[in-house]
Every structure is written in structure tokens, then in C-alpha cells.
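Read the structure below first, then the notes.
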2 protein chains.
Amino acid sequence: MTHDRTHEHAGPTDDPHAAARPDDGERPRGVVAAAEAGVAGAVAAAEHARANLGEVVRTPEVTRRLALLWDPPAPATRGRKARLTLDDVVRAGTAVAQEGGLDALSMRRVATELGVGAMSLYTYVPGRTELVDLMVDRAYAEFDLPHAGDPWRPALAQYAHEMWRLYLRHPWILQTNMWRAPLAPHVLDAQEAGLRTIVDTGLPEVQVVEILGLVDNYVQGMARASIAEAAEQDATGMGTDEYWTTMNSFWEDWFEVERYPTMTRVYVAGGFDAPQGPLDASLERLLDAIEMAIDRAGSTASTG
Amino acid sequence: MTHDRTHEHAGPTDDPHAAARPDDGERPRGVVAAAEAGVAGAVAAAEHARANLGEVVRTPEVTRRLALLWDPPAPATRGRKARLTLDDVVRAGTAVAQEGGLDALSMRRVATELGVGAMSLYTYVPGRTELVDLMVDRAYAEFDLPHAGDPWRPALAQYAHEMWRLYLRHPWILQTNMWRAPLAPHVLDAQEAGLRTIVDTGLPEVQVVEILGLVDNYVQGMARASIAEAAEQDATGMGTDEYWTTMNSFWEDWFEVERYPTMTRVYVAGGFDAPQGPLDASLERLLDAIEMAIDRAGSTASTG
DNA sequence: CACGCTAGCATACGGTGTACGGAAAAGGGA
DNA sequence: TCCCTTTTCCGTACACCGTATGCTAGCGTG
């Protein structure tokens with residue numbers, strides 16, 4: 001196995017607490033340890049956390065996936081010198097994904113880009129999955145986080161805009177993580193900053209999470225639409241260069257008007273033309289809705 | 001090439017109008033033809049459509065992708081009898097995708113499921129891409145469309161709920177079509193019905209499209225979250241069975257509390273616990289926002 | 001029966017991720 | 001200096017993928 005230099009955890013654990021991490025002694029890591037150190041909510045938090053966690057299972061698969069992100073290995077002093085850095089690999093991967101989308105991201109392709117053999121990449125990265133994680137993390141590092149003290153509305157707007165810029169700069173991100181974003185440091189930084197914008201508005205915590213999800217989702221949708229739209233003029237394919245061709249010949253050859261009267265009407269009126277604006281317009285509406293929710297939460301809190 | 005029994009179109013066309021379709025003479029197909037037949041908006045529509053379409057290019061790739069959906073071949077009378085039907089193949093593909101997600105959908109796997117050789121599938125389906133299209137179309141056929149006369153709000157709510165049910169029933173759909181839904185009959189039926197719910201509310205056509213996109217997007221996001229959540233209890237993997245394992249060992253081993261104070265606080269307060277309700281709650285908020293947009297459109301229309 | 005059309009499929013090609021094991025280079029200790 | 005350990009580098013190989021090609025078996029029709 002590659003990457004044995006990273007510390008190995010015990011398998012299915014007996015005492016999850018003791019086995020925590022080898023190089024302890026700095027700052028508390030893990031919610032349980034944190035609560036015991038009195039950082040957040042002390043004992044109650046520890047109980048809650050441990051109850052929720054139950055038996056912590058560490059599969060090598062999981063360890064492999066998280067280790068590089070959270071515990072990057074120190075550069076080796078002994079042995080043959082490396083031609084590349086991890087960042088070289090990640091950057092090359094990003095470049096490949098930039099033109100051609102995530103489908104084009106093959107290990108052999110990235111290796112060729114770097115002028116090395118395919119298997120050499122596995123010196124730097126345990127596999128393709130982890131490479132993608134690292135690429136995502138690197139992309140999120142560009143995020144210009146809203147500051148801590150800012151009032152919630154401009155801060156949340158900034159969060160949305162930054163997310164928007166991120167997707168437009170790295171459309172391939174939308175092709176990853178169908179279900180959830182990877183547990184990468186800079187990704188969590190962004191989420192932290194996002195939550196921070198509205199956590200002190202008096203909303204119940206569940207709604208805080210829900211609302212941030214709403215914003216994420218909204219931006220993601222707008223970005224998807226905008227990228228698909230851009231693929232029309234740019235032939236710089238995200239794999240969808242020919243979508244417009246399809247569209248054209250479809251409208252002409254197969255579209256049945258009396259089956260789709262509304263679509264025809266909307267089409268004729270130009271409803272499908274506009275690229276639904278550069279975010280701002282409808283984002284304000286969303287923020288309005290959120291503001292209403294915040295006001296409502298404030299009033300019910302003072303009433304009940 | 002398989003499927004030569006489907007009619008061939010000319011290549012890059014000279015006169016897009018004349019070449020339209022071989023078996024004409026029934027009902028008008030194509031927006032241009034439709035407008036000329038006086039179905040929708042007559043001459044103005046035809047001009048608009050033709051201006052927008054420009055030269056219609058028909059690549060064999062596109063034809064191949066749309067032909068089966070819109071022009072299913074008549075069952076052959078001559079030659080050896082088929083063991084399977086197209087629907088058998090599509091249903092088997094859906095079954096495979098149901099357990100194991102879209103990644104597990106390989107031609108060989110589907111063939112094995114049906115007890116035939118891998119290449120036999122290509123008698124029924126031109127390729128994997130088209131199989132997925134057909135699967136999506138079949139799934140959308142389950143859609144219980146809102147009726148034409150219904151008032152917009154319950155109709156749109158029904159649309160959202162049906163979409164929601166669709167995603168929960170067929171989570172693999174979320175793994176397809178990163179940018180746009182396929183141009184399949186039942187998919188367009190759903191979109192038609194969706195647009196129909198709000199097209200007569202006085203909103204400008206562009207906003208009609210935009211709002212339906214918003215709803216689609218919202219539902220999609222909620223479904224994604226809900227499915228990811230469900231993967232926790234169900235080990236019936238959408239490929240994410242081990243996500244929760246990851247989560248657990250992550251919180252315990254790598255999470256740094258003072259880097260993520262807000263997340264810790266929200267976590268301790270249980271903000272990440274709830275599966276954010278079965279759609280209804282926040283959908284009403286979205287509908288509220290839409291209602292506001294409709295009211296605004298009505299007032300500005302009467303004013304200006 | 002023989003012809004022609006069709007379904008069914010074995011084989012093969014070029015692609016993928018990656019396990020394995022050997023070769024090459026560098027540093028540290030004897 | 002030599003050697004030994006550590007690390008990089010990567011050729012080869014395997015299992016899997018989608019699918020082009022072309023053969024064969026079954027069927028309806030002349």
C-alpha cells in the first residue's frame with residue numbers, strides 16, 4: 001500500500017477515546033475531546049456527541065480519504081527526491097478538469113500533462129477519488145470568506161456571490177459530490193463562514209442549517225443553468241457542446257406543438273431566451289424571504 | 001450501425017425546411033411548421049423561430065439519441081423473433097440503477113440481469129446514453145400531472161410534490177444530466193404541466209421559466225439532502241453507505257474545534273440532526289415568495 | 001426449400017483505475 | 001568508501017468498461 005508514512009489507526013476500535021490520534025498534545029481534536037477540554041459546551045456537549053457517535057468505526061478506506069486532507073505528510077528527508085509536489089499534481093488535475101470536465105480527468109491524462117508515468121501519481125495521491133477531493137479543497141481555498149462581525153445580510157450575500165464565482169471558475173465541481181461536499185478543510189471553512197453569517201440572528205439551529213442549504217442550493221442551480229447557457233456560445237465543451245445542436249434539430253424535427261402548447265407559447269414569447277440574469281436580481285428575493293423567517297423567529301422567541 | 005431501420009436524416013442540411021421528416025402528413029411537427037399551420041402564433045412565431053434556429057444541423061449522434069424516444073420503431077414482422085422487449089431492457093436498467101446507483105449501470109450488468117449476452121442489448125438500444133434517457137423518460141411517466149384548470153398554488157405544490165416523489169423513488173436520476181434534463185416526451189410533459197400552472201398568472205414569460213427552475217431546483221436540493229440522509233439508516237447503498245462511517249471517524253479524529261466554532265455550536269445544539277422535514281414546511285415559504293412575485297407582476301402590469 | 005431479414009452474441013479494441021514488484025536515486029551510518 | 005534503508009518512479013498486468021465487427025441461428029416469405 002502506498003502512503004504508509006501516514007500514521008495508521010487501529011481497525012474497528014475498542015476504546016475510541018484512547019486511540020484518538022498519535023501526535024496529540026497540541027490542541028483538542030474531535031468533538032468529544034473538545035467538549036471535555038471545555039472549548040464549546042463542556043460536559044453536556046460531550047455526552048451529546050458521544051451518544052450520537054456511538055461506536056466509531058475506522059475503515060482504512062475512510063482514513064485514506066481524509067488523511068491527506070487533514071494531515072498532509074511532512075516532506076521526506078531520506079530517499080530519492082521527488083520530481084513533483086502534491087500541489088503540482090492537484091493543479092494539473094484541475095487544469096485537465098477545466099477543459100473537458102471531470103470525465104476527462106483520468107490518471108493517465110494527468111500524468112501525461114506532468115510528463116511522468118501514470119503510476120507515479122500514486123506516490124502523491126492514493127487514488128483518483130482523493131485527487132478530486134484535493135482539487136475541490138484547493139478550489140474552495142480561493143473563497144473570500146465574509147468577516148465575522150458583518151451584519152448578516154451583506155455577509156450572506158457575499159457568501160452566495162463567492163460560491164457563485166467558485167462554480168463559474170470551476171464548473172467541474174458541479175460534477176462531483178452528488179450528495180454532499182467532501183469533508184475538506186477549506187470546504188468546511190466556507191460552511192463555517194456561511195453558518196456564522198446567520199447563527200446569531202435568533203434562528204433555531206435547525207433552521208440555520210436549513211437556510212444555508214437553501215442558499216447553497218439556489219446558487220448551485222443558478223450556476224448550473226448559467227454554465228449550460230455558456231456552453232452554447234463557448235464551444236469549450238463541458239461535454240455539452242452539442243446540446244444546442246440537439247436543441248435545434250429537436251425543435252425542428254420532433255417537437256409536437258399541440259402536445260406542448262404552453263411550452264410553445266413560452267418559447268414564442270422568448271421565455272427560454274434570457275440567461276436569467278447574473279444572480280443578483282433573484283438573490284435579493286431569496287434574502288427577503290430569509291429576512292422574513294428571521295423576523296418571525298425573533299417575534300416568536302420574544303412571545304413564547 | 002444498429003438501428004438502421006429508423007429513418008435517416010440528411011447530414012448538414014441545405015434546406016432545413018424541406019428535409020423535415022419523411023413520414024409527414026399527419027400533424028405539424030417542429031415550431032416552424034407549427035407556426036405556419038396556424039397552431040400557435042402564426043407568421044410572427046415562424047419568423048421568430050426561424051431567426052433563432054438559423055441553420056439546423058443534424059448530427060447522427062443527435063438523431064440517434066432522440067429517435068428512440070420520439071419515434072419508437074414498429075415491431076419487426078420479418079426475421080427472428082425477439083426474446084425481449086425494449087421495455088424489458090429499460091426496466092432491467094432501472095432495477096440495476098435502483099440498487100447501486102448509476103455507476104453500477106453497466107451494459108454487461110444489465111445483460112446478466114436479463115440472462116442475455118452483453119451485445120444483445122444493442123439490438124434494443126443504440127448505447128448506454130440512450131438507455132439512460134429511456135430510463136429517465138420511463139420514470140417521468142409516473143408523474144401525476146396537475147390538471148389544466150387548477151388554481152396555480154395547489155397545482156404548483158402538486159408539481160413539486162410529484163417531482164419530490166420521483167426523486168425519492170428513483171434517486172439515480174439525480175446522478176444523470178448535470179446540466180439539463182433530457183429531451184424526452186414524459187420529461188417535457190412534466191415541464192409543460194409545470195409551466196402551465198403559472199403561465200396564466202400574469203408573470204412575464206421569462207419569469208415563468210425562471211420560477212419553475214427555482215422550484216425544480218429547490219426540490220432537487222431537498223431530495224439530494226433527504227437521500228443522503230436516508231443512506232445513513234439504509235445501508236442500501238447509493239454508493240454512499242460509508243459516508244456516515246466517514247462522518248463519525250471524522251468528527252472524532254480530525255475535526256478541529258477552534259477552527260470551526262460555529263459548526264461546533266450548531267452541531268452541539270443538534271442543528272445537523274433533523275432531516276429538515278418532509279418538504280412541506282419550507283415549500284410553503286417558497287410558494288409565498290412566488291405569490292409575492294405574482295402580485296408584484298400583476299400590479300406593475302396594471303400600473304405601467 | 002432457399003432466400004433474406006433479424007436477433008443473439010463471441011471476440012476484440014481501446015479506454016479506465018490501480019495492485020504489484022522491480023529499478024533507480026538519494027541520505028545516513030559504518 | 002560502501003552499503004543499506006528509504007523513497008520515488010514506473011512497466012506490466014488485471015479487471016472492468018462501452019461498443020465495432022462479423023458470424024450464426026432462427027424465422028417469415030417467395
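Proteins get letters first, then strands, A, B, ... in listed order; numbering begins at 1 in each. Being a predicted model, the structure only gives us computed values, none of them experimental.
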Q | Pairs where residues 164-176 of chain B contributes a residue and the test salt bridge (Lys or Arg N to Asp or Glu O under 4.0 Å) is met, not counting sequence neighbours | A |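 Every salt bridge (Lys or Arg N to Asp or Glu O under 4.0 Å) pair that includes a residue of residues 164-176 of chain B, provided the two are not neighbours, is Glu142(B)-Arg169(B), Glu162(B)-Arg165(B).
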Q.
Does anything in residues 80-96 of chain A come within less than 4.0 Å of DNA chain C? Heavy atoms only, and list the residues if so.
A.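 DNA chain C contact set from residues 80-96 of chain A: Arg80(A), Lys81(A).
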Q) Any donor and acceptor pair, going by atom type alone, linking the side chain of Ser226(A) with main-chain N or O of Met222(A) inside 3.5 Å? A)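 Judged by distance alone, no pair lies under 3.5 Å.
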Q. Is a side-chain N or O of Asp88(B) found less than 3.5 angstrom from the main chain of Thr85(B), in a donor-acceptor match?
A.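 Yes; judged by distance alone, with no hydrogens or angles, the pair exists.
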Q.
ring pair (Phe, Tyr, Trp, His ring centres under 6.0 Å) for Phe255(A) and Trp251(A)? Distances and angles first, verdict last.
A. CA-CA 5 Å; Phe255(A) 187 76; Trp251(A) 285 113; 4.6 Å; yes
Q. Any Lys/Arg nitrogen of Arg259(A) or Asp189(B) sitting under 4.0 Å from an Asp/Glu carboxylate oxygen of the other?
A.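 Result for this pair is yes, salt bridge flagged.
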Tell me which donor-acceptor pairs under 3.5 Å the side chains of residues 108-117 of chain A have, and how far apart each pair is, sequence neighbours excluded?
unit_1    : atom_1 : unit_2    : atom_2 : d
Arg109(A) : NH1    : Glu113(A) : OE1    : 2.8
Thr112(A) : OG1    : Arg108(A) : O      : 2.6

Q) Taking the nucleotide of DNA chain D with the closest heavy atom to each, which residue, Gly79(B) or Arg78(A), is nearer the 5' end? A)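 Whichever sits nearer the 5' end wins; that is Arg78(A).
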Which whole-number value in Å describes the distance from [X] [atom1] to [N] [atom2]?
{"X": "Tyr122(B)", "N": "dG22(D)", "atom1": "OH", "atom2": "P", "value": "17 Å"}
{"X": "Tyr124(A)", "N": "dC10(D)", "atom1": "OH", "atom2": "C1'", "value": "12 Å"}
{"X": "Leu121(B)", "N": "dA10(C)", "atom1": "CG", "atom2": "P", "value": "12 Å"}
{"X": "Arg65(B)", "N": "dG18(D)", "atom1": "CZ", "atom2": "P", "value": "15 Å"}

Q: Check Arg128(B), Arg65(B), Arg138(B) against Asp133(B) for a salt bridge (charged side-chain N to carboxylate O under 4.0 Å, His left out) and give me the one that passes.
A: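 Testing Asp133(B) for a salt bridge (charged side-chain N to carboxylate O under 4.0 Å, His left out) against Arg128(B), Arg65(B), Arg138(B) leaves exactly one candidate, Arg65(B).
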Q.
Let me test you: for the helix from dG15(C)-dC16(D) to dA30(C)-dT1(D), what is the angle between the axes at its two ends (five pairs each), rounded to 10 degrees?
A.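 Overall, the helix from dG15(C)-dC16(D) to dA30(C)-dT1(D) bends by 10° from one end axis to the other.
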Q: Using the test side-chain hydrogen bond (donor to acceptor under 3.5 Å, both in side chains), find all partners of Gln191(A) that sit at least two apart in sequence or belong to another chain.
A: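 Here no residue qualifies.
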Q. Counting side-chain heavy atoms from CB outward, which of dT19(D), dC10(D), dT18(C) is closest to Arg64(A)?
A.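 Closest nucleotide to the Arg64(A) side chain: dT18(C).
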**Q.** Which atom of Leu68(B) lies closest to which atom of Pro126(B), heavy atoms considered
**A.**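 For Leu68(B) versus Pro126(B), the nearest heavy atoms are CD1-CD, 3.5 Å.
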Q) Which pair of non-hydrogen atoms, one from Trp172(A) and one from Thr94(A), has the smallest distance, and what is that distance? A)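 Residues Trp172(A) and Thr94(A), closest heavy atoms: CZ2-CG2, 3.8 Å.
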Q. Rounded to the nearest 0.5 Å, what separation is found between the CG atom of Asp137(A) and the CD atom of Glu130(A)?
A.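 Taking CG in Asp137(A) and CD in Glu130(A), the distance rounds to 13.5 Å.
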Pairwise N/O distances under 3.5 Å, protein to nucleotides 11-17 of chain D:
unit_1  : atom_1 : unit_2    : atom_2 : d
dC17(D) : OP1    : Ser106(B) : OG     : 2.9

(Q) Taking 4.0 Å as the cut-off, does a side-chain nitrogen or oxygen of Ser120(B) come that near to OP1 or OP2 on dC9(C)? (A)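 Looking at the OP1 and OP2 atoms of dC9(C), one of them is under 4.0 Å from a side-chain N or O of Ser120(B).
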